[in-house]
Number of protein chains: 2
Amino acid sequence: MLHAATEAQADKGRRWSRRDTREAILECAEELLQRRGYGGFAYQHIAVQLGIRNAAIHYHFPAKEDLGVALVRRYRERFAQWVAALPAQLDAWSRLQAYFSTYRAYLAERKSSDDCLLCPGGALAAEFCTLPEPMRLEIRLLMRDVQDWLCATLEQGRRDGELHFEGDALDKAVEIGAALQGGLQIARMSGAARFYRLLDQLALELNPLRVEAAGGSLP
Amino acid sequence: MLHAATEAQADKGRRWSRRDTREAILECAEELLQRRGYGGFAYQHIAVQLGIRNAAIHYHFPAKEDLGVALVRRYRERFAQWVAALPAQLDAWSRLQAYFSTYRAYLAERKSSDDCLLCPGGALAAEFCTLPEPMRLEIRLLMRDVQDWLCATLEQGRRDGELHFEGDALDKAVEIGAALQGGLQIARMSGAARFYRLLDQLALELNPLRVEAAGGSLP
DNA sequence: GTCTATATACCGATAGAC
DNA sequence: GTCTATCGGTATATAGAC
């Protein structure tokens, strides 16, 4: 009972229960990472936003590297869950559109015109060689998972006649992945409208008839 | 004569003449920027590499922001010169291949497997909202220049029957620009071979016959 | 688990001698 | 123009009380 009372007292002014602090830190750090990059966010930013202290974060994540690795691993696990949760009967075109929608969500989360969220790869690539090796390893695994899924989806779609493209499916997967990653970045510098049109362009090349039926993704 | 003598003495141990220090700083900073990002390089890195002191750089570029703006403006000027230097009789396909080659050069400049140079946009996008406004402005202008040229080249190529693609030329220009920018980043995380194949994939979609004639870009 | 307080390091920037 | 020396700010990280 004493323990519970102490908890209740310490939790004054916070919106989450004590055992969820770790999750709140991850949630906050994730947004900071995708908005400002890894070197661009500090424990202090998280502490201020959560109303806790610098040292409290170090209790959950002793070094920033630990937080960074946890973040990327979290992306991987979430992607695996996202794939597993896709309805089994969904065709390749719709799976791809669902994936595009996660990027549309990144684009929508902006406070001003030039600070939309980037995807994990796009947020970490520029400073890649300055990151600790455990983080680099985890990022490579994440990129591999996404590429494998994209490649498999494209292959299935072509086999079923829903998607049309030239060349190797893995090459096309890399092209689409690179265009999405670079597209969010370009949205920051050239305006959000560019990214919506990029999504339509990618879809148009994969299957003009389905795009016509959907009416494009322009907001 | 006194001035010249003083210069000669101060230049001991350096490989460039005194009036070129500014250029040497820009050259060194440019590589650091494309390899480590804007927040990832410090005056100290430049000073060590050039064998000068921190304060000497501040003489040429009082604030880091000044150096950053000068770097991006330099990219813009160099791109304009590059465009102007393209032989007038070159067809759109060849112009596009020449542009791809500048990205091939970025990829080739790596000291280890995962630190190839990124293009300016890809190096600055992740920390865009943390950059000083004058830098952001200059970057937007650079992106606009490149997009305009890409769009015009694509349009001309389609008109001349050398390039084939669906949809609006500007949308295709953004797609190609995004794929190149994201592609270099993916090369860091998934291996350089992916980028060579991406270049082939882009070219294949624009004109399969010319790719066949050229034999691809695989190293 | 979270706090206060502090150690340590790095970086951008300035002052003043030469 | 470049140097030495240093200030001020900010970042990661730790020690120890509660």
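Small disclaimer: the values here were computed from a predicted structure and weren't measured.
When the P atom of C:dC10 is taken as reference, atom CD1 of B:I46 falls 17 Å away, rounded to whole Å. Distance, B:R53 CZ to C:dG16 P: 21 Å, rounded to whole Å. Summarising the geometry, the separation between CE on B:M135 and P on C:dG12 is reported as 13 Å, rounded to the nearest angstrom. To the nearest angstrom, C1' of D:dC7 lies 13 Å from NE2 of B:H58. In this structure, A:N54 atom CG and C:dT8 atom C1' are separated by 14 Å, rounded to whole Å.
When each of D:dA11, C:dT4, D:dT12 is scored by its nearest atom to the side-chain atoms of A:A55, the top-ranked nucleotide is C:dT4. Candidate nucleotides C:dC3, D:dC3, C:dC11 were compared by shortest atom distance to the side chain of A:I52, and C:dC3 ranks first. When the nucleotides C:dT14, D:dT14, D:dA11 are ranked by their closest atom to the side chain of A:Q44, D:dA11 comes out on top.
For the pair A:Y59 and C:dG1, the criterion of a side-chain N or O lying under 4.0 Å from OP1 or OP2 is met. Contact annotation: B:T21 reaches the phosphate of D:dT2 (side-chain N/O to OP1 or OP2, under 4.0 Å). A:H60 has a side-chain polar atom (N or O) that falls below the 4.0 Å cut-off from OP1 or OP2 of C:dT2.
Taking the charged nitrogens against the carboxylate oxygens, B:E127 and A:R36 have no contact shorter than 4.0 Å, which rules out a salt bridge. Remark: B:E133 engages B:R136 in a salt bridge, criterion side-chain N to carboxylate O under 4.0 Å. Under a 4.0 Å N-O distance rule, the pair B:R140/A:D114 qualifies as a salt bridge. At a threshold of 4.0 Å, the pair B:E31-B:K111 counts as salt-bridged, since one of the basic side-chain nitrogens sits closer than that to a carboxylate oxygen. A salt bridge links A:D115 with A:R35: the closest approach of a Lys/Arg side-chain nitrogen to an acidic carboxylate oxygen falls below 4.0 angstrom.
Nucleic acid contact class of A:A42 (heavy atoms, under 4.0 Å, all strands): sugar-phosphate only. Among the atoms of the strands shown, only primed sugar atoms or phosphate atoms (P, OP1, OP2) are found under 4.0 Å from some heavy atom of B:Y43. If you check every strand for non-hydrogen atoms under 4.0 Å, A:F61 touches nothing.
Counting only distance, with no hydrogens or angles, the side chain of A:S94 and the backbone of A:L90 share no donor-acceptor pair below 3.5 Å.
Within residues 31-38 of chain A, no residue is approached by DNA chain D to less than 4.0 Å at the level of any non-hydrogen atom. Residues from residues 63-71 of chain A lying near DNA chain D, meaning a heavy-atom separation below 4.0 Å, are A:A63, A:K64 in numerical order.
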Name every donor-acceptor pair, under 3.5 Å, that has one atom in a side chain of residues 79-86 of chain A and the other anywhere in the protein, sequence neighbours excluded.
none

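Just one of B:I186, B:D200, B:L202, B:L199 meets the side-chain contact (heavy atoms from CB on, under 4.5 Å) condition when paired with A:E175; it is B:L202.
For A:R76, the CZ atom is densely surrounded, since the number of other residues' heavy atoms within 6.0 Å is greater than 12.
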